[in-house]
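Here is the structure we will look at.
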There are 2 protein chains.
Amino acid sequence: MKRKKPTIHDVAAKAGVGLGTVSRVLNDHPAVRPETRARVLRAMEELGYAPNPHARRIAGGRSYTVSVLLPFVATEFYRRLVEGIEGVLLEQRYDLALFPILSLARLKRYLENTTLAYLTDGLILASYDLTERFEEGRLPTERPVVLVDAQNPRYDSVYLDNRLGGRLAGAYLARFPGPIFAITVEEEPDRAFSRTVFAERMAGFQEALKEAGRPFSPDRLYTTRHSQEGGRLALRHFLEKASPPLNVFAGADQVALGVLEEAVRLGLTPGRDVRVLGFDGHPFAEEVGLSTIAQPVEAMGARAAQLLLERMRGYQGPPREVRFEPVLVERASTGTPPAALYVP
Amino acid sequence: MKRKKPTIHDVAAKAGVGLGTVSRVLNDHPAVRPETRARVLRAMEELGYAPNPHARRIAGGRSYTVSVLLPFVATEFYRRLVEGIEGVLLEQRYDLALFPILSLARLKRYLENTTLAYLTDGLILASYDLTERFEEGRLPTERPVVLVDAQNPRYDSVYLDNRLGGRLAGAYLARFPGPIFAITVEEEPDRAFSRTVFAERMAGFQEALKEAGRPFSPDRLYTTRHSQEGGRLALRHFLEKASPPLNVFAGADQVALGVLEEAVRLGLTPGRDVRVLGFDGHPFAEEVGLSTIAQPVEAMGARAAQLLLERMRGYQGPPREVRFEPVLVERASTGTPPAALYVP
DNA sequence: AAGTTTCCGTGAACCGCTTCCACCCGAGGG
DNA sequence: CCCTCGGGTGGAAGCGGTTCACGGAAACTT
């Protein structure tokens, strides 16, 4: 005896109101007396009613769902980003569907086809600026689009000033004695998509170092993938070139974590023998006392969601760019910085 | 002047037939004369018509979309798996939506809420046997469910015999002279979900080794994450314990790749100084000449999709278990195996 | 007190599709 | 030659919502 899902009719009957009224409650329409609204809401509650998004889509042209296209990369960054996006969306009774981009072929299907993904009300593109893969640099969709963790003149975009982050890192590490090394992250080679965030971080880093009178030589840069083990290999590599104390800037917290891990394993003291500065400001950085250039990932996600909501509600203005700034967070992994600038 | 999307009415008008006929063509109903069908199909083609899945869902109770819930882990495995699933589904005019499980909270939302995921016609759960997280060991859904890369008595499941794979690896490496090492993969600790595939592989491996009279001591097992760099660290670690030639079984191709990489970097010759055997049989293994225990990932995905299709079409039988067997693929990374068994 | 507004609410029409019943027509049977 | 029978087809009804024209009652107007 399985009961069918309750519909709007059931709710209307139970609350003793008309269909239209229930619908209005559902859509936050103002013309409903508070007590009526309450009655309807209670009926919904009791019936365990939830509107059918397909029906809403079909009838109203809106599905109350947005698609988030994101790289298929399991990092804390995307977890935080989605959390930020979701926070805002849920509050507005919107749902979100994630579309991991496993391959270029998948992406094309997402966009060219009339799949469910494509029938949502808006699109958030994370990290990849995929626009150039399409004609005229525009995605083949008529729905609003917002980019996050990427910049593009044609669409609203929310991004972090990675160069500034790199500069903060450079200026900070320049104050310490000892050689300075850096680790940058390379994407998987088979990914056709290019990203520039890590390159920007390193550029800013070297810039600041140079300005501080401590130019950075390329052989002190180690490139690896976005893994903890990469950081461990990097530290070993550095230790072959110089002896402690040394300073390491890692382009990503996860990699920095590997550096810390390996330092401890080798009997070195983080913050003294090896000073490590990460980039991201992920929760785990705090747990392990990792100094880092923190980026407000959740806030960026939330902002992107807001921009998209505005567009979905009809805003037609020119593309907006929202720039976020990272901040330096000092913790134990860099020890106590010298009061004065270090002069080599 | 943006044209609206064509609907079934437009197609009907253009083809000079009734609505019902177009719908029948759409659903492969047999009662349509071939020439009529052709005319309708041509009209669709010319109009660029694609049926609206929301409308189909609402009207017929079917949306022609299935959800795939999978771990948010960027590995070749899932790329292949999805490819296998998709191949079968597309053929049957089904669409698929991916739902990456970023966190436990997300999973709950996918299942408990009335989100899009939940409104598709069927569910494929990859890798995680999530059933035990719910009451009575059943997912809170009435749609058919198929597990892949996991086993469960309550649902149809498609899985690889990982223990057998490990045994194959053990039996094979036991034939070579020189010490035998192994690398296993550990999942991210914060993931609440447990997986046993790697443990099973290692169990089988040790079993076979023991049977071959070459028992494996635990200190020859290195644990790392699923990264290439992990393989590199492992090899370094092994080289501190023994000198070449040595034999390495890596629980995953990607890790094996790191071993090869590091071997070359250290001036060792794969297949002679270091014999490496991976697990997965991913395309890149062939490119680099990596011997491996190959699993038919695409076929597993395809099979899972077939099982699901049967269920969606009404099959009510008891849960089915489909077991796949891995096979050993010999390539250059293990060199030429001795004709006779090696006797220590 | 009667006419206006404003506020709430109602339910028919409709969104794009599936389903099912009615209907047409030609072939086979008596 | 009339009657079935059944394949092929058309279109109304309905899926679960949104929207909108419309109406009743209360609140303001003169």
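A note on names: the letters A, B, ... follow the listed sequences, proteins ahead of strands, and every chain is numbered from 1.
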**Report entry** Short N-O contact, B:Arg39 and B:Glu35, less than 4.0 angstrom
**Finding:** no

Query raised in the report: How long is the gap from CZ on A:Arg154 to CG on A:Leu147, to the nearest 0.5 Å?
Result: 11.5 Å

Query raised in the report: Can you check the B:Asn52 CG to C:dC14 C1' distance for me, whole Å?
Result: 14 Å

Query raised in the report: Can you find a pair of side-chain heavy atoms, one from B:Arg143 and one from B:Leu308, that are under 4.5 Å apart?
Result: no

Query raised in the report: Is there any salt bridge (Lys or Arg N to Asp or Glu O under 4.0 Å) pair reaching into residues 295-307 of chain A, and which pairs are they, with sequence neighbours excluded?
Result: A:Arg80-A:Glu298

**Report entry** Donor on one side chain, acceptor on other, B:Thr65 and B:Asp95, under 3.5 Å
**Finding:** no

Query - Pairwise distance CZ(B:Arg93) to CG(B:Asn27) - rounded to 0.5 angstrom - result: 8.5 Å

Requested in this report: Answer yes or no: is there a donor N or O on one side and an acceptor on the other, between the side chain of B:Asp156 and the main chain of B:Arg320, under 3.5 Å?
Outcome: yes

Requested in this report: Within residues 30-38 of chain A, find the residues that approach DNA chain C with a heavy atom at under 4.0 Å, and present them sorted by residue number.
Outcome: A:Ala31, A:Val32, A:Arg33, A:Thr36

Report task. Could you state the atom-to-atom distance from NE2 of B:His9 to C1' of C:dC15 in whole Å? Result -> 10 Å

Please enumerate all protein N or O atoms sitting under 3.5 Å from an N or O of nucleotides 18-23 of chain D, with distances to 0.1 Å.
| residue | atom | partner | partner atom | Å |
| --- | --- | --- | --- | --- |
| D:dT18 | OP1 | A:Asn27 | OD1 | 3.4 |
| D:dT18 | OP1 | A:Asn27 | ND2 | 3.1 |
| D:dT18 | OP1 | A:Arg56 | NE | 2.9 |
| D:dT18 | OP1 | A:Arg56 | NH2 | 3.2 |
| D:dT18 | OP2 | A:Ser23 | OG | 2.6 |
| D:dT19 | OP1 | A:Arg62 | NH2 | 2.7 |

**Report entry** Length of the CD1-P vector between B:Ile58 and C:dT18, whole Å
**Finding:** 12 Å

Query raised in the report: Taking only N and O in the side chain of B:Thr21, is any of them less than 4.0 Å away from OP1 or OP2 of D:dG10?
Result: yes

Report task. Round to a whole Å and report the spacing from OH of B:Tyr49 to C1' of C:dG16. Result -> 7 Å

Query - Protein-nucleotide distance (B:Asp121, atom CG; D:dC15, atom P), rounded to Å - result: 19 Å

Query - Interatomic distance, A:Met44 CE vs D:dG17 C1' [rounded to whole Å] - result: 11 Å

**Report entry** NZ/NE/NH1/NH2 to OD/OE distance under 4.0 Å, B:Arg79 and B:Glu83
**Finding:** yes

Query raised in the report: What is the distance, rounded to the nearest whole Å, between atom NE2 of B:His54 and atom C1' of D:dC15?
Result: 15 Å

Report task. Pick out which of A:Val148, A:Leu69, A:Asp149, A:Leu70 makes a side-chain contact (heavy atoms from CB on, under 4.5 Å) with A:Leu125. Result -> A:Leu69

